[in-house]
J.: 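Take this structure first; my questions come after.
Note that ligands are numbered from 1 as they come in the structure, with each ligand's atoms numbered from 1 the same way. Because the structure is a prediction, the values reported are computed rather than measured.
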Amino acid sequence: MNISVFGLGYVGAVTSACLAEQGHHIIGVDLQAAKVEAFGRGQSPIIEPEVDQLLKQATDGGRLDATLDVHRAVTETDVSIVCVGTPSLPSGRLNLDYVQKVTTQIVQAIRDTQKPHILLYRSTMLPGSTRSLVASMLTDLVESGQVRVYYCPEFLREGTAVKDFRDPSLVVIGTQDGAAPADAAVCELMGGKPSILAWEGAEMIKYSCNYFHALKVGFANEIGRLCKHLGEDGTRVMDVLCADTRLNISRYYMKPGNPFGGSCLPKDVSALKSFARQENLSLPLLENTAATNAAHQDLFVSLIEGTGKRRIGFLGLAFKADTDDLRGSPMVAAAETLIGRGYELRIYDPHINLSRLIGANEQQIQSRMPHLAQLLKQDVTEVLGSSDVIVVSQKCVSLESLRELARPDHLVIDVNGWRELDSLPWQYEGICW
Ligand SMILES: NC(=O)c1ccc[n+]([C@@H]2O[C@H](COP(=O)([O-])OP(=O)(O)OC[C@H]3O[C@@H](n4cnc5c(N)ncnc54)[C@H](O)[C@@H]3O)[C@@H](O)[C@H]2O)c1
């Protein structure tokens, strides 16, 4: 294919070098004349293994050119890939000026040529950016089908960028409506097995990945600081932590939904935080872990309150499914708040049988929810029959039973990620979806 690459920095240079290696003809475009001139000679604008060599091969093979002239680049190519910078403003906010400017120029050239064109953004942009660029500059071109716009985030790491391009850790293609790309060429250019989402989802994935990576580094370093303070080897501790690929380095605990609870996580996070404070250690992630959970719990309660209904039914009360442990249960905390605010509450949880509760569980109920006995119902029919809002935190009732009890005026709030609930004849809302 004939492809123009806008922005010859790290991403643009690597993209150009690797696509040229695959046999495509590349025209690199940048604002900086010296960069364009050197690039045209096959000289890499960045220090990155293999890029120099690939660019040289491409120039020798007549597959690489560079220009300052946007019009020429667009006219001579079928695809434009936007890799310009999206730096931070002094306030920390994202600066989209370069993307906006380059889009204006590309769109003008497309209008002049009147040829079909694929516009593919690789620059990192906040969710909503692609749609607002399209809305402000290209709606008619997109509606007429002359231009198709994709957002394909880049995940390369400097230092191993060429390897990452050839064998990407993740391939994401954002389309206007989340449907498969109309252009098979886009999948070929991106390689791998792409996940396809709407523009906003693809934009969000890039930020989620980088936020997660930053969080991982921050977490490892906090454990490292704590370990060093205690005379322990932080590397060894993190090595062993990572050896658990079931709970630690895995999908486990990575699903948005319930706040964390139970008898261990809140208690242990709190103990470690108090210890760090006492030892004068600065561990801001640990310091704020309970706060982020509390914010999630608040959102959960405000979602219920936001319905404007007063009769609330809970499916599930224990802190997770298949246990009767109520200690630290977010559902208990939510129930307590709602009761305090005068809501009418009914609860169904087949694992909680008051007569069998003993020890800490019994105390928990007596101290925090003395009216629990009246709220707990043995029959789910009673809960659904007399509630307007149903809060589902566990799959403690079968979908078939719920189908029989669902009413169109029921509002269902799902905190469990039980997406099949959306297929039932009631109004459905997820806590994070
Ligand atoms: N560097 C990385 O490892 C990496 C990885 C993934 C994603 N990203 C994202 O990719 C984007 C590019 O990052 P980068 O590190 O390559 O940036 P960079 O600063 O190295 O390069 C950007 C280039 O764009 C050029 N440019 C600016 N406006 C232009 C215009 N109107 N026309 C043509 N060229 C123009 C600049 O002159 C510069 O050469 C950013 O959004 C970044 O967040 C970067």
J.: Checking D177 now: which residues fulfil side chain to side chain donor-acceptor pair (under 3.5 Å) with it, not counting sequence neighbours?
T.: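 Expected list: none.
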J.: Is any NZ, NE, NH1 or NH2 atom of the basic residue among E287 and R277 found under 4.0 Å from an Asp or Glu carboxylate oxygen of the other?
T.: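 A salt bridge is present here (some side-chain N lies under 4.0 Å from a carboxylate O).
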J.: Classify the side-chain pair N288/T292 by whether it contains a donor and acceptor separated by less than 3.5 Å.
T.: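 No, T292 and N288 have no side-chain donor paired with an acceptor closer than 3.5 Å.
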J.: With a 4.0 angstrom cut-off on heavy atoms, strictly below it, pick out the residues next to ligand 1 and order them by chain and number.
T.: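 Ligand 1 is contacted, at a heavy-atom distance under 4.0 Å, by G7, L8, G9, Y10, V11, V29, D30, L31, Q32, K35, C83, V84, G85, T86, Y98, V102, Q105, S123, T124, E154, L156, E158, K206.
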J.: Does any pair with a residue in residues 129-153 pass side-chain hydrogen bond (donor to acceptor under 3.5 Å, both in side chains), and if so which ones, sequence neighbours excluded?
T.: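 Every side-chain hydrogen bond (donor to acceptor under 3.5 Å, both in side chains) pair that includes a residue of residues 129-153, provided the two are not neighbours, is R111-D140, T130-E203, R131-E200, R148-D183, Y150-D183.
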J.: Could you pull out every donor-acceptor pair under 3.5 Å between side chains of residues 422-433 and any protein atom, sequence neighbours left out?
T.:
from, atom 1, to, atom 2, distance (Å)
S423, OG, E420, O, 2.6
W426, NE1, L421, O, 2.9
Q427, NE2, P408, O, 2.9
Y428, OH, D414, OD2, 2.7
Y428, OH, W433, NE1, 2.8

J.: Is it true that K56 and D52 make a salt bridge, defined as a side-chain N closer than 4.0 Å to a carboxylate O?
T.: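 Result for this pair is no, no salt bridge flagged.
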